[in-house]
Amino acid sequence: MINKFTNIKIPKYKLDYSIEKNKNIVQGSLTKNIKLPFSCRSGVCGTCKAKIIQGNVHANNKINHVLTESDINNNIILMCQAEPVSDLLELEIISPMPRQIQSGKPREIISEILSVKQITPEVIDISISVSKRFYFNLNQLSYMEILIPGLEIKEKYYISNFDKKNNQSNDGVINILVIKSKNLDVNEYLNKNLIAGEVITLKGPYADNNFPNFLTKPTLLLTNHTNIIKTLIIVNQLLSSGCNFPIMLISYFNDKKDIFLMEEMHKLQFLYKNFSYKITLQNQDGSNTSRFLLGSISKVINKIFPDLSSHYIYINGDESFLIEIRKKIIELEAKEENIYTDLYN
Ligand code: FES
């Protein structure tokens with residue numbers, strides 16, 4: 001199996017982390033919250049010069065206005081124009097390391113709404129511009145509050161940025177998926193009252209992940225429709241952090257018309273051969289297909305797994321969902337120490 005990741009080592013700064021091979025070194029490192037020296041990101045300023053000690057890169061020498069012939073002969077590259085090729089890449093950074101990205105001390109940020117789009121009756125996608133000055137870490141699993149005077153909203157709004165290659169805030173735009181609140185018709189309120197051009201206050205980001213981010217066993221994630229956003233974001237993170245073990249997502253919807261983010265699941269399955277997904281439908285006529293299974297998760301899971309003793313299991317849902325699913329997976333030999341539950345409340 002071809003390794004899609006490169007292990008980057010920068011001994012002088014005791015850095016040792018992995019990035020995807022299809023990203024340049026500056027960009028890939030940012031996705032790991034490591035800010036290397038850079039400025040223009042266009043091959044013009046030379047701030048991102050580094051010497052290769054070990055390994056190979058694919059360097060875009062067409063966009064290189066600063067490397068001399070002697071630099072090139074000495075294995076100096078521009079990290080903003082070089083994608084790793086080898087599984088290991090050891091570098092010596094030439095400029096000093098900059099101040100690192102702050103990881104998520106919540107703060108209030110005045111921002112402008114770019115668009116509000118209803119995805120399903122239950123979910124809306126709000127695109128918001130964020131000043132590039134706020135150079136903080138926006139992991140996909142972090143969430144923000146939307147502060148609107150006179151409206152108290154106690155829900156979490158997950159940062160999605162599903163279709164953005166670079167999910168850092170420095171691209172100036174974040175996408176937040178808002179799901180209908182159980183207690184208040186927040187979704188409807190936001191959809192009607194937030195319009196492009198309006199200025200609102202965001203508070204955050206907050207971190208929300210106690211699930212191990214490096215997996216050493218096959219993993220099964222189980223969720224119902226209200227929690228698909230968060231669960232899919234976890235899947236996304238696991239896959240992009242280089243987990244090679246099989247990961248399966250099983251989600252539960254009432255009906256085919258309620259399904260959302262299926263395109264995202266499909267895209268992930270296409271990108272990562274170790275990922276697969278199944279959707280179970282409660283109220284659906286028609287035949288069982290390999291993608292859609294009829295009945296709740298607890299009814300169909302034993303058709304897929306006779307034994308879950310060697311799996312990590314992540315369950316995300318409300319209390320009754322957690323109780324029902326936990327009971328079922330214990331029947332299928334899942335081990336208590338490998339079960340992570342995430343209560344939606
Ligand atoms: S950041 Fe300016 S050349 Fe790479």
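Residue indices begin at 1 and follow the sequence shown. Numbering of ligands and ligand atoms starts at 1, following listing order.
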*Which of the numbered atoms in ligand 1 are below 4.0 angstrom from a heavy atom of F38?*
1 (S)
*Would E264 and N236 count as having a side-chain donor-acceptor pair, cut-off 3.5 Å?*
yes
*Under the 3.5 angstrom rule, does the side chain of D342 hit a backbone N or O of N316 as a donor-acceptor pair?*
no
*With a 4.0 Å heavy-atom cut-off (strictly under), which part of V44 contacts ligand 1: side chain, backbone, both or neither?*
backbone
*Counting N and O atoms only, with roles assigned by atom type, does the side chain of N74 sit under 3.5 Å from a partner on the main chain of I76, one being a donor and the other an acceptor?*
no
*asked:* Show the atoms of ligand 1 that are less than 4.0 angstrom away from any heavy atom in C45.
replied: 1 (S), 2 (Fe), 3 (S)
*To which protein heavy atom is atom 1 (S) of ligand 1 closest, and what is the distance rounded to 0.1 Å?*
R41 N, 3.1 Å
_ligand 1 atoms in contact with G43 (distance to a heavy atom under 4.0 Å)_ = 3 (S)
*Metal check, atom 4 (Fe) of ligand 1 vs C80 N/O/S, cut-off below 2.8 Å*: yes
*So, N7 side chain and Y17 main chain: donor-acceptor pair closer than 3.5 Å or not?*
yes
*Would one find an N, O or S atom of C48, in either backbone or side chain, under 2.8 Å from atom 4 (Fe) of ligand 1?*
yes
*Which of the ligand 1 atoms, numbered from 1, are nearer than 4.0 Å to a heavy atom of S39*: 1 (S)
*Does a salt bridge link D87 with K21, judged by any charged N lying under 4.0 Å from a carboxylate O?*
yes
_I'd like to know if E336 and R326 make a salt bridge, using a cut-off of under 4.0 Å between side-chain N and carboxylate O._
yes
